[in-house]
Amino acid sequence: MIDTDIKLQWHLDALPAGTLTPLQGFFGRLPVDPYIQGSFRQRRYGRVEKEGSRFQPLDNGVFFQAAAINKFLGDVPRTYAELEPAFVAHPSFIQLLKLFARHTRLEDGQAIGIHQMRIVTGEGESVPPAPEGVHQDGFDFIGVFFCGSEGVSGGALQLYHGLKEQPFFQQQLNVGEYLILDDRRFYHNAAPILPLGTDRGHWDVIVLTA
């Protein structure tokens with residue numbers, strides 16, 4: 001379980017330079033998200049369980065959010081392609097899990113959801129990373145780890161105190177930077193991804209949930 005009395009509200013930080021470089025090749029093999037129209041989002045999903053300093057892979061199961069939480073895909077049972085075993089076992093990814101567990105004070109037996117995503121855009125396209133717009137995900141905590149981009153701009157992460165307010169935080173992350181936040185306390189979104197030229201570009205992120 002999670003210690004719900006912890007004081008974390010939101011935390012912005014960065015991993016040591018080069019930590020995420022070994023993971024970037026895994027994003028080129030992501031399948032298209034079958035639950036949205038178009039091919040702009042590619043995605044895999046998985047879960048692990050914290051056991052001391054280790055994280056044991058769990059069955060993917062069915063990912064589900066109620067309509068009250070997700071007005072775009074709420075009440076839709078979703079089954080995504082599994083994460084690649086080499087990705088889950090990679091030391092760089094394990095480092096992400098340890099950071100997330102430490103910041104949120106996860107106890108043994110707690111499951112962590114893993115969303116590996118690539119947003120793809122081409123000439124003249126403006127793509128929203130989160131089609132549902134400003135939202136909460138229905139968890140206690142989420143962590144957003146920016147893994148890199150090519151040929152695009154935009155994607156600034158935004159935090160809100162309420163649905164009808166302006167963001168009090170807005171920042172485009174650099175590779176290796178991450179934001180962990182209390183999903184019960186804040187709403188969040190990401191600005192549209194914009195192409196820099198005529199070729200296809202991409203924006204890569206790992207989202208952890210607990």
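FYI, the numbering just counts along the sequence from 1.
A search for ring-ring contact (aromatic ring centres under 6.0 Å, His included) contacts involving F26 returns F87, not counting sequence neighbours. Scanning for side-chain hydrogen bond (donor to acceptor under 3.5 Å, both in side chains) contacts around R29 gives E84, with sequence neighbours left out. Applying the side-chain hydrogen bond (donor to acceptor under 3.5 Å, both in side chains) test to H188 and every residue at least two apart in sequence or in another chain returns H135, D137. With sequence neighbours excluded, the residues that form a side-chain contact (heavy atoms from CB on, under 4.5 Å) with P34 are Y80. Every side-chain contact (heavy atoms from CB on, under 4.5 Å) that P57 has, sequence neighbours left out, goes to V88.
None of L58, I94, I114 except one satisfies the side chain to side chain contact (heavy atoms under 4.5 Å, CB included) rule with V48; the exception is I114.
Contact between P192 and S126 at its shortest, heavy atoms only, is CB-OG, 3.4 Å. Between K98 and S53, the shortest heavy-atom contact is CE-O, 3.5 Å.
Checked by atom type and distance alone, the side chain of E177 pairs as donor or acceptor with a backbone atom of N174 at under 3.5 Å. Judged by distance alone, the side chain of D108 and the main-chain N or O of G52 form a donor-acceptor pair under 3.5 Å.
Between R184 and D140 there is a salt bridge, since at least one side-chain N of the basic residue sits less than 4.0 Å from a carboxylate O of the acidic one.
E82 CD: 12 or fewer foreign heavy atoms inside a 6.0 Å radius. The number of heavy atoms from other shown groups lying within 6.0 Å of CD (Q166) does not exceed 12.
Checked against a 6.0 Å centroid threshold, the rings of F168 and F186 count as neighbours.
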Between side-chain atoms of residues 146-163 and protein atoms elsewhere (two or more places apart, or another chain), which donor-acceptor pairs fall under 3.5 Å?
unit_1, atom_1, unit_2, atom_2, d
Q158, OE1, Y160, OH, 3.0
Q158, NE2, Q170, OE1, 2.5

